[in-house]
Amino acid sequence: MTTPELPTQYTPADVETRSYDRWVSEGYFQADPGSSREPYSLVLPPPNVTGVLHIGHALDHSIQDALSRRARMQGKETLWLPGMDHAGIATQNVVERKLGGEGLSRHDLGREAFIERVWQWKEQSGGAILGQMRKLGDGVDWSRERFTMDEGLSRAVQTIFKRLFDDGLIYRAERIINWCVRCHTALSDIEVEHSEDEGELVSIRYSDEIVVATTRAETMLGDTAVAVHPSDERYAHLIGTHVRLPLTGRSIPVVGDEHVDPEFGTGCVKVTPAHDPNDFEIGRRHSLPSVTVMDDRGIITAHGPFEGLDRFEARPAVVAALRAEGRIVAEKRPYLHSVGHCSRCKTVVEPRLSLQWFVNVSPLAKAAGDAVRDGRTRIHPPELAKRYFDWVDDMHDWCISRQLWWGHRIPVWYGPDGEVVCVGPDESAPEGYTQDPDVLDTWFSSALWPFSTLGWPERTPDLARFYPTSVLVTGYDILFFWVARMMMFGLYAMEGQPPFRVVALHGMVRDQYGKKMSKSFGNVVDPLDWVERFGADATRFTLLRGANPGADVAVSEEWAGGSRNFCNKIWNAIRFALMNGATVGELPADLTAADRWILSRLQHVIAAADAGFEEYEFAKVSDLLYHFAWDEVCDWYLELAKIQIAEGREGTRLVLGHVLDALLRLLHPLVPFVTEELWRAVTGGESAVVAAWPTADPRYTDPAAEAEIIALQELVTEVRRFRSDQGLKPGQRVAARLSGSPLGESENAVRSLLRLEPATEGFTPTARLAVGGVTVEIDTAGAIDVVAERKRLEKDLAVARKEAGQVAAKLGNEQFMAKAPDEVVAKVRGRAAQADEDIARLEAQLAALPSA
RNA sequence: GGACGAUUAGCUCAGCGGUAGAGCACUCGCCUUACAAGCGAGGGGUCACUGGUUCGAACCCAGUAUCGUCCACCA
């Protein structure tokens with residue numbers, strides 16, 4: 001065994017630069033589809049190539065790394081596949097902004113040169129992300145790194161598009177879509193964020209009898225009807241008549257439509273089919289024309305005085321003009337209403353009539369719902385499944401075309417006479433056809449990630465072996481964007497096999513007050529900053545300690561510091577063990593109670609850790625190991641081991657080695673760097689990465705030893721409490737006489753821990769403590785603070801009497817005795833006995849106190 | 001407008017039917033040769049409110065309040 005000199009303080013920067021390259025070059029993270037081991041696979045939610053990883057990614061990665069490292073240690077053929085997403089609109093925006101800084105627009109460059117620029121940016125930005133992942137210690141299979149715009153993944157996109165097209169599940173239609181006037185593209189419904197914004201609700205008189213209300217006055221230029229409820233008595237007689245539209249003088253019909261709520265406002269609605277989704281539907285039902293009054297930049301195109309104005313300039317201008325004509329009958333300002341914003345640039349989204357490509361999601365969404373309903377995929381925590389169903393069961397068709405340049409180009413070509421041809425991979429469009437200029441929504445290719453990365457549409461060994469993946473780990477915020485769509489496409493492309501068996505959702509990382517992190521608020525944590533200051537292990541451990549399933553994680557520097565301290569604690573425990581000759585080997589039969597106790601506790605901890613991992617309870621697992629390591633191993637066992645080693649007990653060295661070896665392996669998935677270093681030092685093994693995951697061994701379960709050590713702990717704590725209360729310095733030795741129930745071999749340990757001298761000639765006890773049948777008489781070699789001690793004993797006595805009273809009342813309650821389960825009654829009886837014992841003890845101690 | 005979640009110690013959170021817990025913070029005492037990034041001993045909570053179910057409720061049910069999140073085409 002090697003016994004390297006470990007410094008007294010652990011320095012994460014040193015430890016964390018040593019292992020990663022070796023892990024990769026040894027091929028530990030590289031999966032083999034040909035092995036006979038049970039497969040365990042997961043795909044990394046691909047970060048956007050645009051940015052750098054934020055603390056939320058660090059949480060996501062820490063969980064996945066923990067799961068995959070444990071699976072690997074369990075002997076499974078483990079694949080964690082990394083990669084990145086081209087993130088169409090987000091990336092294009094970033095590069096456009098950079099161009100803007102040079103005074104250029106993408107149009108100045110032209111499509112091809114612009115895309116070239118984006119690729120350059122991708123190389124640079126993507127590299128930064130890979131560096132971050134290495135620093136975090138992500139055990140991913142670099143040989144399988146993928147990018148959504150790779151050739152193979154692009155083939156997958158084209159293949160599934162063609163398949164969906166041929167199945168009639170992709171269609172092109174003129175619809176009202178969400179349009180971002182800044183990004184110049186259509187957006188899907190979920191790319192629109194709604195917020196309650198201030199606006200102005202104006203009521204406009206269209207005729208003597210008809211008043212309509214609107215928050216978007218400029219759209220009235222495109223009105224082609226007024227709608228009322230067909231059974232609204234006030235207006236029924238007007239249906240079929242016409243009114244003259246103010247400002248334009250156009251004559252528009254009054255129609256009756258069920259959509260109108262007679263209770264709301266005046267009961268009359270202006271109908272603008274080209275600029276409002278509801279109005280579009282009304283227009284369809286009544287064959288109304290659509291009049292477009294705004295272009296793709298939000299500039300008014302309707303001929304007249306407003307032409308050329310931006311929509312937000314036109315709005316007050318139109319209102320002013322109407323007021324001048326005496327048409328405004330009421331204004332409500334401020335008027336709070338829900339306004340959609342582009343999720344990328346926050347610009348107010350404009351509903352716009354436009355020709356776009358859509359996925360008919362009905363059959364796909366049904367299948368996606370069923371797969372979770374029948375348990376082929378389990379959503380964890382289950383509470384979040386309801387959200388998933390709500391979404392999947394009522395999904396609108398998905399607008400997939402984007403008027404962008406960066407992305408997968410829509411594989412549809414148009415002939416000179418309007419022919420439409422969808423071109424699959426390895427096919428080419430007929431001569432003279434031109435390709436649709438648009439690209440696909442970035443989530444279209446993300447939806448293929450779990451199988452496109454494994455080689456689909458080819459039938460590769462990876463696909464056969466690692467699909468469906470074992471688990472998907474991601475934040476609940478992209479349940480709809482991504483998870484639901486992977487489910488839809490996975491089930492469609494892979495003959496009903498869902499992309500993952502489990503979806504394990506985590507929350508968002510928040511600051512120490514539970515507030516959302518935002519750049520403007522200045523509370524954003526950069527994971528690399530923490531890695532530098534506290535270490536990657538501490539950063540990961542901090543995140544995992546807070547990771548309750550589906551719940552947000554509040555983190556702070558204090559927590560990170562605490563995690564760093566924990567790593568240091570482990571470091572020093574190992575340092576102590578190595579200095580004391582801890583070793584791994586066959587355990588002898590003659591072990592002390594302390595040895596048997598810690599071995600027994602270890603078995604419980606292994607079982608509990610397994611249970612926690614199975615349920616994705618990372619906070620529980622972290623907490624469990626934290627307390628086992630710190631409270632039990634370090635604070636008690638190590639202290640007892642010191643005494644036993646001084647006594648020359650060989651078994652203790654072996655137990656120490658055994659327990660620390662197992663503890664390091666248990667901790668390795670959570671804090672890989674420091675455990676790797678220490679585990680190699682303790683065991684001389686090759687690497688914790690490929691070490692076996694500990695399994696509980698019932699032979700070491702020992703309730704008697706556990707009871708014995710618990711009794712010892714209580715006794716020691718009580719005496720320490722006395723010493724502390726009495727102001728006896730820790731170093732001060734006092735004489736004591738122990739008697740009563742058998743402490744057996746532990747008496748020496750108790751004396752050592754408490755620095756109790758044997759009672760010799762002239763021993764005159766000044767205090768008598770009794771715990772669990774053991775009586776300790778102490779000669780403090782001087783007067784004790786009788787008043788303080790009496791006060792404390794009386795307080796404890798009062799507590800004990802109260803407890804005794806409560807418990808007696810319970811035992812005297814017939815209903816309780818009749819209905820409570822036996823184990824509960826037994827427990828209460830135990831409490832009664834304990835209370836009686838406490839009372840007797842405290843009374844005796846009080847009686848033994850010398851009078852003041 | 002719907003749906004879901006939360007409300008427990010100063011802060012962040014566990015506990016989800018049988019004696020209120022953790023980390024950090026706080027108080028007191030300690031440089032006890034693994035660790036002061038440490039050790040020992042403490043203080044601190046009518047578990048949001050009101051009812052109900054139960055022998056027994058932080059935990060189950062109903063309602064109220066306050067936060068939060070998601071979803072929504074009400075002009």
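What you are looking at is a predicted structure, and each value in this text was computed from that prediction instead of being measured. Basis for what follows: all heavy atoms, side chains included, without hydrogens, waters or symmetry-related copies. Within every chain, numbering begins at 1; the chains are lettered A, B, ... in the order of the sequence lines, protein sequences first and strands thereafter.
Of all the residues in residues 187-194 of chain A, not one reaches under 4.0 Å from RNA chain B with any non-hydrogen atom. Within residues 804-824 of chain A, the residues that place at least one heavy atom under 4.0 Å from RNA chain B are, in residue-number order, A:Lys810, A:Asn813, A:Gln815, A:Phe816, A:Lys819, A:Ala820, A:Pro821, A:Val824. For RNA chain B, the neighbouring residues in residues 632-642 of chain A, judged by any heavy atom under 4.0 Å, are A:Cys634, A:Asp635, A:Leu638, A:Glu639, A:Lys642.
Sequence order on RNA chain B of the closest nucleotides to A:Gly514 and A:Lys827 puts A:Gly514 first from the 5' end. Both A:Glu617 and A:Thr214 lie near RNA chain B, and the one whose nearest nucleotide falls closer to the 5' end is A:Glu617.
Within 4.0 Å (heavy atoms only), A:Arg721 reaches sugar-phosphate atoms of the nucleic acid but no base atom. Contacts of A:Glu383 with the nucleic acid, taken as non-hydrogen atoms under 4.0 Å apart, are absent. A:Asp261 comes within 4.0 angstrom of a nucleotide base, judged by non-hydrogen atoms across all strands. Contacts of A:Thr717 with the nucleic acid, taken as non-hydrogen atoms under 4.0 Å apart, involve only primed sugar atoms and P, OP1 or OP2. Nucleic acid contact for A:Phe566: none, since no nucleic acid atom lies under 4.0 Å from a heavy atom of the residue. A:Lys569 comes within 4.0 angstrom of a base, heavy atoms only. A:Arg216 comes within 4.0 angstrom of no nucleic acid atom, judged by non-hydrogen atoms across all strands. Within 4.0 Å (heavy atoms only), A:Tyr626 reaches sugar-phosphate atoms of the nucleic acid but no base atom. Within 4.0 Å (heavy atoms only), A:Lys795 reaches sugar-phosphate atoms of the nucleic acid but no base atom. When heavy atoms are screened at a 4.0 angstrom cut-off, A:Arg387 is found touching base atoms of the nucleic acid. As judged by a 4.0 angstrom heavy-atom cut-off over every strand, A:Asp477 is placed among residues making no nucleic acid contact.
Only the C1' atoms considered, B:rG1 is 7 Å distant from B:rA72, to the nearest whole Å. Using P as the reference atom, B:rU19 and B:rG56 are 15 Å apart when rounded to the nearest Å. If you take atom P in B:rG63 and the same atom in B:rG23, they sit 38 Å apart, rounded to whole Å. Across the C1' atoms, B:rA20 and B:rC47 are found 8 Å apart, a figure rounded to whole Å. Comparing B:rC26 with B:rG10, their P atoms are spaced 15 Å from each other, to the whole Å. Look at the P atom in both B:rU12 and B:rG17: the space between them is 26 Å, to the nearest Å. Across the P atoms, B:rU32 and B:rG38 are found 16 Å apart, a figure rounded to whole Å. Nucleotides B:rA9 and B:rG51 are separated by 22 Å at their P atoms, to the nearest Å.
Remark: side-chain polar atoms of A:Glu193 are not paired, donor with acceptor, to backbone N or O of A:Gly340 under 3.5 angstrom. Within the 3.5 Å criterion, the main-chain N or O of A:Thr272 finds a donor-acceptor partner in the side chain of A:Asp279.
Think of the region where chain A sits on RNA chain B: with heavy atoms and a 4.0 Å cut, that region ends 5' and 3' at B:rA3 to B:rA75.
Taking A:Ala186 as the reference, A:Ile177, A:Trp179, A:Gln356, A:Cys399, A:Gln403 meet the side chain to side chain contact (heavy atoms under 4.5 Å, CB included) condition, with sequence neighbours excluded.
Between A:Tyr626 and A:Phe541, the ring planes lie parallel to each other; the angle is under 30°, not in the 30° to 60° tilted range.
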Nucleotide pairing, RNA chain B (Watson-Crick or G-U, distances under 3.5 Å), in dot-bracket with [ ] and | = ((((((((.[[[[.)..(..]]]].(((((.......))))).....[[[[[..)....]]]]])))))))....
